[in-house]
Every structure is written in structure tokens, then in C-alpha cells.
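Below is one structure, written out as C-alpha cells; comments come after it.
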Amino acid sequence: MPIISGFSKLSKESKIDWICDHYLSSNKNAKQVLANYWNSDSKLQKLHDEFTENTISNYYLPFGVAPNFTINHETYAIPMAIEESSVIAAASKAAKFWNDKGGFKAEVLGTKKVGHVHLNYKGDAQKLKDFFNQIKSQLIIDAKPITKNMEKRGGGILDIELVDKTDQLDHYFQLHCTFNTKDAMGANFINSCLEQFGQTFEREAEKHDAFKENSPEVIMCILSNYVPECLVRAEVSCDINQLGKTKEEAEKFVRKFKQAIDIATIEPYRAVTHNKGIMNGIDAVVLATGNDFRAVEAGIHAYAAKDGQYKSLTKISLKDQKFRFWIEVPLAVGTIGGLTSLHPLVKIAMEMLGKPNAEELMKIIAVAGLAQNFAAVNSLVTTGIQKGHMKMHLMNILNQLKATEGERLKAVDYFKTHTATHSEVIAYIEKLRA
Ligand code: MEV
């Protein structure tokens, strides 16, 4: 295929023509499919076009709701953007289950965000330390035009430290910078501060006599998505006997449930899938509220491996007849700025949640993750996951088979009492059609 230059400068129509001519020529419907997903409201479409470069259509995900969540004695209907059929059903089921057992409790343990100016310096470490101590206040003063609005909101720069990392990488030092970004996710704020620190650092270093031979060099300035001190904890608890119809059933459930968490704590193969289930809940709320799910994913998985081995993010304790199940996750999310003030559905999501601040949103997201994990492990140690999953997936299979309304009704009824595997559904529809 040809290489094109100036693609981004073409009109949307020309981009589509070019893509269809060169990459979709065998699909006569391609243009129509792309157009089917445009919004008929041209202002709304323009908004979406401008979120990113080279937009040729919109990519929809279902925007659903998991109601009946009690968090710190308040009830919430949690918006979730996700395509996986069983996730919202599972979240709703867990929400309802915990409602009459005190609901979910959540607390924010920290809100510190982090960024670095990464440095290369071949000289005497003490000279760099002395220099840093001399210019530290200047770094903060020069960033004032960037920080003053954030400071009015109660946030800003928390600290800047020089860290010597030469034991791990030759000549590598860093400015480890910490921030409070209040209700903003804060990526742009942090990166702007860091780039200003980098400029001040180099400017002052050029004038510094001790660096005649060896001047420190700024390699790069960038926030870290690893935020172990921007942390939230969510928990559920109840008497063990509340977890089954009989004492025996409850004890068996709790024993198997605990074993499942223990397995996910020591076995990374299981931990990854276990945490994937947690991310089903977390990502769906992060997406619905217009936050950066890649940043959240990267930070959470790094946190899961913080002790040197990838482990379960949820923990359990069984003491004095009490079942306690909790999660601790780092979550750098915002409720102002970015998509939150632009995307109409994100605004609806925020309104649905009672216009939370960032700390409240952290709690809601952590609860969604915990609920999802409770629902998944609950199914895994009792009925198995496929029963509920395939029930929800049935519609997708029926759609693939282009089932009529009549066939769907019959199939839904039939698979209430039969396990809906892919092949079973095909066989059932074929039988109906014969
Ligand atoms: C599927 O999306 C998620 C699960 O695999 C999570 C788990 O195994 O705990 C069901």
C-alpha cells in the first residue's frame, strides 16, 4: 500500500475515500458502515471529531448502569461503559447482595501524584546535591504561573527531591516531584510543572561554576502513572453465617472463597485473571466518567506487583466469625478538566453520581472493582462462571445467527434451564429452523 504524506490535513471525506480505496476496497459497504456511526447532530459530531486526530467515525460502547450500590451509607447508580455482556449484571448482583449487610465502606488513603525530571550527570554527586539545594526554591518560584490557580484550589507542588539512582544506572539522577492536583487528574498540570523544572534546572546549571567540566543534562520530564500514594480502599464485611442459607453452606462458601483469594495471592497466572475481573469494574467506571483507563490500568498493575510478584488486589480476613473482603488500589482520576467537561455522556455520568469530587470518584471506582471481584469469585467457587456469562452472552450469539424475534423469545426461554454454550445455541436455532 502507498505511503501518504499530509493525511491529517485532508478533509474527513478525503481521508475516508483514501482509506476505503486503499484498505477496504473489497468491502462495498465500508463507507456506509463508517457513516452509520456518525452523529446526525453536526455539532456533536464535530466535538467527537476534534477529540483526536484523523477521526473517521465514532466507536460506540454500551453505556449502562449498575444500580443499588450503597457506599458509606449513600446509594448510587454507577454508570459503566463496557462491552462485556456479564459485567454490569454481575456488579448489580453484588451491589444488591451487600445492601442488607451494611453496603460498601470506602476511604481515600492518599492523593499524592508523582512526576520526574530524569537527569544524566557524570560528575561528583555532592556537587549536584549542593546545586539542587541552592536552586530548589527557584524551581518552585519559576513554576508559579503554572501552579497559582491550582494553589487557589488547595493543590500544587508538595515537594521536590533529588534522588541518586547511580547504583542502578550509571549517571542517573532524578528530581522526584510530588503534587496534589485536587479534583483534576492533573497530567497536564504535572507535565507542565516538570518541564518548567527542567528548564530552570538547565538554565541555573549553565551558570553554576561547579559544573564547568560536567554539567547535568535533562533527559526527560514526565509524570508517573505509578501512584502508590494516591490510594483508595473499599471493603465489605458481614457475619460468616450471612453467606449461605445454612451454617454448612456458609462455611463451605467462605472456605472456598478464601482459598480462591489465597490462590490469586501466590499464583501469578490466577492473579492476572483475578485482577482482570476487578478491572472489568474499574475500567468501565473510569471510561464512563471520561478518565484515562490506560493510566489507571498501568498504575494498578504496577501496584499489584509492588512486592516483587504480581498478586491479587483484593484481600480477605476471617476472624471471630467475621468475613472481611477489601481492595486497595491506586487511582489517579479527575472530575474536572479533560473529557469531563466536554463529553455529554461523561457529564451525564458525573451528574448520575451526584457530581463527585475526585476523592468520591476514587471510592466509587474502587467499590466497582471490589463488587466485580466478589461477583466473579462467588460464581467461580459455586456455579462456575459460564452459567451467568453465557446467559448474558446469549444475545450476542443470537445476533450472530440473525435470529428472528420469535426465535429469540423461544431461545431465551429454553436457555433459562439449559446451559447456553455456543454450539448448543446453534443446534437449538437450527432445530427451530428445521
Ligand atoms: C472475565 O471477564 C473475568 C473473570 O475471568 C474474572 C475472574 O476469573 O476472577 C471471570
Side-chain angles (χ1 to χ4, degrees), residues 61-66 69 78-98 104 234-236 243 252-288 293-294 296-301 303-305 309-318 323-329 331 365-397 399-400 415 419-422 425:
L61 280 180
F63 178 86
V65 178
F69 269 93
I78 301 187
M80 300 176 96
I82 187 151
E83 87 301 345
E84 191 173 325
S85 7
S86 54
V87 168
I88 296 186
S92 309
K93 203 171 151 192
K96 224 169 173 179
F97 181 86
W98 285 103
F104 293 80
E235 174 174 327
V236 283
L243 293 166
K252 181 175 175 198
F253 170 77
V254 164
R255 182 176 49 75
K256 289 182 79 177
F257 194 100
K258 174 159 190 323
Q259 179 83 348
I261 305 301
D262 290 347
I263 292 169
T265 304
I266 62 105
E267 170 52 80
Y269 278 100
R270 173 57 201 151
V272 171
T273 317
H274 179 95
N275 290 347
K276 186 273 182 189
I278 293 171
M279 299 315 292
N280 279 342
I282 289 184
D283 280 342
V285 190
V286 168
L287 261 174
F293 64 93
R294 287 85 55 210
V296 165
E297 281 273 348
I300 289 184
H301 293 299
Y303 189 77
Q309 184 185 310
Y310 190 89
K311 289 181 183 168
S312 164
L313 291 159
T314 48
K315 296 199 167 61
I316 184 168
S317 108
L318 304 173
F323 173 93
R324 278 180 58 230
F325 182 51
W326 71 95
I327 188 169
E328 268 179 27
V329 269
L331 277 171
I365 295 172
V367 163
L370 183 69
Q372 210 65 47
N373 188 233
F374 178 79
V377 177
N378 181 7
S379 297
L380 285 168
V381 301
T382 54
T383 56
I385 207 73
Q386 283 307 86
K387 190 165 171 249
H389 188 75
M390 292 311 285
K391 195 170 127 200
M392 299 307 299
H393 191 55
L394 178 60
M395 282 307 159
N396 290 341
I397 306 175
N399 281 337
Q400 277 165 20
F415 285 106
T419 306
T421 65
H422 203 269
V425 179

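One-based numbering, in listed order, for ligands and for the atoms of each.
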Modelled atom types, side-chain donor and acceptor of His393 and Glu84, under 3.5 Å: no
Those atoms of ligand 1 less than 4.0 Å from some heavy atom in Ile385: 10 (C)
Could you tell me the separation between the CD atom of Gln372 and the CD1 atom of Ile88, rounded to the nearest 0.5 Å? 9.0 Å
So which protein heavy atom does atom 6 (C) of ligand 1 come closest to, and at what separation? Thr273 O, 3.5 Å
Please check if the distance between the ring centroids of Phe374 and Trp98 is under 6.0 Å. yes
Any heavy atom of Arg270 closer to ligand 1 than 4.0 angstrom? yes
What atoms of ligand 1 come within less than 4.0 Å of a heavy atom belonging to Leu380? 7 (C), 8 (O), 9 (O)
Take the angle between the ring planes of Phe253 and Phe323 and call it parallel below 30°, perpendicular above 60°, tilted in between. tilted
Suppose I only count heavy atoms of Ala376 and a 4.0 Å limit; which atoms of ligand 1 are within that range? 9 (O)
Leu370 and side chain to side chain contact (heavy atoms under 4.5 Å, CB included): which single residue from Leu313, Thr314, Val329 fits? Thr314
Can you pull out the closest protein heavy atom to atom 3 (C) of ligand 1? Residue, atom name and distance to 0.1 Å, please. Asn280 ND2, 3.6 Å
Is there a side-chain contact between Ile261 and His274 in this structure, where contact means two heavy atoms from C-beta onward sitting under 4.5 Å apart? yes
Return a yes/no value for His274: is any of its N or O atoms, backbone included, closer than 3.5 angstrom to an N or O of ligand 1? no
For Ile282 and Gly369 the tightest heavy-atom approach is CG1-CA, 3.7 Å
Quick one: does Val377 get within less than 4.0 Å of ligand 1, heavy atoms only? no
Under 4.0 Å from one or more heavy atoms of Lys276, ligand 1 contributes atoms 1 (C), 2 (O)
Students should be able to answer this: which protein heavy-atom is nearest to atom 1 (C) of ligand 1, and at what distance? Glu84 OE2, 3.4 Å
